[in-house]
Amino acid sequence: MCGIVGYIGKRDAIPVVIDGLKRLEYRGYDSAGLAYHTGDGIEVIKVLGKIIGLEKEVERIDDKPTVAVAHTRWATHGEPSEMNAHPHTDCTGKIVVVHNGIIENYRALRQYLTERGHKFTTETDTEVIAHLIEEFYSDGELPFWKAVRSALSEIEGTYGIAVLFEDEPRKIFAARHGSPLLIGAGDDEHIIASDAAAVVRYTDRVIYLDEGTLATVSEDSIIMSNLNEELVTPKIERISMTLSEIEKGGFDHFMLKEIFEQPVTLQNALRGRLNIEEGTVRLNGLENYFDYLHDVERIIITACGTSWHAALIGEYLIEELAQIPVEVDYASEFRYRSPVIREGEAVFVISQSGETADTLAALREAKRQGVPVFGVVNVVGSTIARETDAGVYIHAGPEIGVASTKAFTSQVMLLEEIALLLGRMHGYSMAHGKHLVGELIRVPALVENLLKQEKKKGKIRAIAKEYQRCNNYLYLGRGVNFPVALEGALKLKEISYVHAEGYPAAEMKHGPIALIDKNTPAVFIATEDPLYDKIISNIEEIRARGGPIIAVATEGDNRISELANHVIYVPQADPLVMPMITAIPMQLLAYHIAVLRGTNVDQPRNLAKSVTVE
């Protein structure tokens with residue numbers, strides 16, 4: 001991890017790969033580097049820290065090289081340092097590699113190569129790749145691309161790589177297994193990248209590398225094969241991403257921009273999918289499996305992080321509307337716990353990027369067990385989108401902020417639609433369906449009004465200012481809003497580095513209430529729903545012990561203001577759609593606290609946007 005960009009063509013390659021790295025900064029990194037062909041060999045430049053440091057280093061380059069690869073690293077093996085930064089070279093310096101992923105058997109390979117006389121200079125697993133290619137090429141019997149293929153056949157783990165070779169200065173060699181890689185196709189130029197954001201300035205035509213694909217890329221051709229040396233025909237796809245979508249557009253941070261984009265992204269998640277007359281939805285991506293879903297006996301949803309919180313909301317919704325048993329699993333645990341999946345069941349996987357390594361592994365384990373696997377993803381053409389049997393896109397557009405906001409609410413919207421579809425298949429009445437469709441239609445406008453009010457009055461920012469110095473928070477909710485409490489706590493942890501915990505409100509009495517004091521705010525989601533009186537009792541328990549209370553409540557609720565220190569009002573809506581509304585104050589509170597504490601909101605420490613390693 002975490003970002004790869006390569007260029008071959010007629011332009012000056014350095015500005016292209018630097019610009020590409022900047023487009024990938026949101027993914028998180030700790031060091032950066034690049035390599036380029038000179039007239040006499042390959043030059044490597046590496047820095048610890050931000051890309052601006054790399055920019056200063058390349059200012060001294062007088063030539064305008066037309067072939068280069070670049071990388072931003074998120075440390076997995078070896079501490080962040082200039083030495084451990086990519087690119088990495090072999091003993092001769094003729095072979096240069098940038099790599100995303102993890103080489104699981106690197107210790108054994110390193111020992112073998114050391115015994116064969118190779119000298120290692122870094123602590124990384126990636127360096128093994130360069131030396132392994134050198135080992136296969138050194139006898140002179142294999143063409144270079146075959147040496148690359150032979151080296152990759154010895155590797156266990158995941159990789160997306162780009163390789164330069166001094167003796168073939170007009171080629172870049174690229175390959176992927178478990179870590180995303182694509183090639184942007186231009187006119188007599190190609191850009192290799194781990195994310196489409198790095199190529200969108202130059203082309204909207206991309207080729208996504210499939211698992212086990214090796215590509216030899218020159219400025220006017222792409223030759224692709226699999227690891228069995230069988231030729232693969234490149235398939236060019238169009239990407240809809242625009243440059244404006246990956247720029248801040250006048251906002252101070254990408255995260256704030258994406259919070260304010262939610263009225264549009266929620267509408268995009270609904271567009272063309274509602275059947276008002278019949279009180280149901282149209283999800284054409286699942287259409288071929290409607291008969292199967294009509295008889296499905298149990299559903300497993302697996303995801304990571306914020307997507308896991310959306311999955312928990314989906315569990316409440318599907319069980320409420322369709323009366324189908326639902327189990328939600330951490331994708332990182334799913335494949336290791338011998339999951340019991342039987343015929344007649346189905347698995348849904350949720351991922352913003354469509355590349356999350358743990359979720360992808362869970363997908364493959366479920367398919368190995370022979371049940372249909374359905375995807376809920378954002379990125380068109382992503383690995384999960386391609387490998388699931390069917391699925392739906394959330395259409396949230398590029399999400400640059402590491403802390404997910406608009407993708408979360410769009411995931412919830414899609415789960416609302418899936419739950420309604422399943423509900424109508426399993427006895428949820430047309431009348432109830434029409435009511436819920438009407439409530440879903442209202443959500444984008446309700447969110448827009450909520451954001452306008454906050455922009456005008458700044459109430460959440462004022463609350464954040466009062467509590468910005470607190471180092472512990474509790475987030476509490478019940479029913480379908482309990483996962484929103486978890487998500488609120490996660491947002492605060494991610495971007496402000498403040499300790500926060502989310503709990504079902506009733507669980508407070510079973511231990512966590514011991515944490516309550518005047519410096520530990522409790523954030524309650526206390527909207528009017530069937531559990532309202534219960535959560536009021538939980539608020540009373542905190543209030544009796546002197547804990548500050550911040551409540552998210554329904555407009556018109558005067559009772560809550562007598563109990564809470566601060567109330568954030570949200571518009572009235574059906575309890576089933578309320579998570580998409582109550583999520584907004586959670587996001588804004590975390591954002592403002594982070595800004596006031598001076599943290600890097602869009603690129604929080606130690607985090608990567610798309611976790612493509614286990």
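In this chain, numbering begins with 1 at the start of the sequence shown.
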Close side-chain approach of [X] to [Y], heavy-atom, < 4.5 Å:
X: R442; Y: D574; value: no
X: M580; Y: L446; value: no
X: V5; Y: D195; value: no
X: H71; Y: N100; value: yes
X: E466; Y: H566; value: yes
X: I516; Y: L474; value: yes
X: E494; Y: M255; value: no
X: L576; Y: L317; value: yes

Has [X] got a side-chain atom pairing as donor or acceptor with [Y]'s backbone, closer than 3.5 angstrom?
X: R23; Y: V199; value: no
X: K493; Y: A500; value: yes
X: Y569; Y: D557; value: yes
X: T359; Y: E355; value: no
X: E127; Y: T122; value: yes
X: E399; Y: A407; value: yes
X: E454; Y: K459; value: yes
X: H592; Y: A462; value: no

Work out which heavy atom in [X] is nearest to a heavy atom in [Y]; give both atom names and the distance.
X: I549; Y: N565; result: N-OD1, 2.8 Å
X: V326; Y: I301; result: CG1-CD1, 3.9 Å
X: T388; Y: G375; result: CG2-N, 3.7 Å
X: Y473; Y: C470; result: CE1-O, 3.6 Å
X: I400; Y: E258; result: N-OE2, 2.6 Å
X: E123; Y: E79; result: OE1-N, 3.5 Å

Between the side chains of [X] and [Y], is a donor N or O closer than 3.5 angstrom to an acceptor N or O?
X: N558; Y: S561; value: no
X: T409; Y: Q262; value: yes
X: T306; Y: S404; value: no
X: T126; Y: T124; value: no
X: T405; Y: Q587; value: no
X: T554; Y: Q572; value: no

Parallel under 30°, tilted from 30 to 60°, perpendicular over 60°: which one fits the rings of F374 and F348? tilted
Trace of the salt bridge (Lys or Arg N to Asp or Glu O under 4.0 Å) decision for K257 with D602: CA-CA 11 Å; K257 177 192 175 192; D602 287 332; over 6 Å; no
With a sphere of 6.0 Å drawn around CD1 of I441, does it hold more than 12 non-hydrogen atoms of other residues, nucleotides or ligands? yes
Hey, is CZ on R364 packed in by over 12 heavy atoms from elsewhere, all under 6.0 Å? yes
Which residue is it: D329, L486, I350? I am looking for the one with a side-chain contact (heavy atoms from CB on, under 4.5 Å) to W308. L486
Can you tell me how far CG of L451 sits from NZ of K456, rounded to the nearest 0.5 angstrom? 14.5 Å
Worked verdict on L589 versus L492 for side chain to side chain contact (heavy atoms under 4.5 Å, CB included): CA-CA 8 Å; L589 184 63; L492 191 65; 5.8 Å; no
Taking NZ, NE, NH1 and NH2 as the nitrogens, is one of them in E541 or R545 under 4.0 Å from a carboxylate oxygen of the other? no
Please step through side chain to side chain contact (heavy atoms under 4.5 Å, CB included) for the pair V577 and L436, ending with a clear verdict. CA-CA 8 Å; V577 307; L436 185 54; 3.8 Å; yes
Let me check something: any side-chain donor-acceptor pairs from residues 475-483 under 3.5 Å, sequence neighbours excluded? List them with distances.
{"from": "R478", "atom 1": "NH1", "to": "N538", "atom 2": "OD1", "distance (Å)": "3.1"}
{"from": "N481", "atom 1": "OD1", "to": "T582", "atom 2": "OG1", "distance (Å)": "2.9"}
{"from": "N481", "atom 1": "ND2", "to": "T527", "atom 2": "OG1", "distance (Å)": "3.4"}

Show the atom names and distances, to 0.1 Å, of all donor-acceptor pairs under 3.5 Å that link a side chain in residues 410-420 to residues at least two apart or in another chain.
{"from": "S410", "atom 1": "OG", "to": "K406", "atom 2": "O", "distance (Å)": "3.1"}
{"from": "Q411", "atom 1": "NE2", "to": "S307", "atom 2": "OG", "distance (Å)": "3.0"}

Dump the intermediate steps for side-chain hydrogen bond (donor to acceptor under 3.5 Å, both in side chains) on T265 and N268, then the final yes or no. CA-CA 5 Å; T265 55; N268 289 344; over 6 Å; no
Audit row: N472, L515, side chain to side chain contact (heavy atoms under 4.5 Å, CB included) steps and yes/no: CA-CA 9 Å; N472 296 284; L515 299 173; over 6 Å; no
For I560 and I539, run side chain to side chain contact (heavy atoms under 4.5 Å, CB included): C-alpha distance rounded to whole Å, both residues' side-chain angles, the deciding distance at 0.1 Å, then the answer. CA-CA 9 Å; I560 198 83; I539 290 174; 3.6 Å; yes
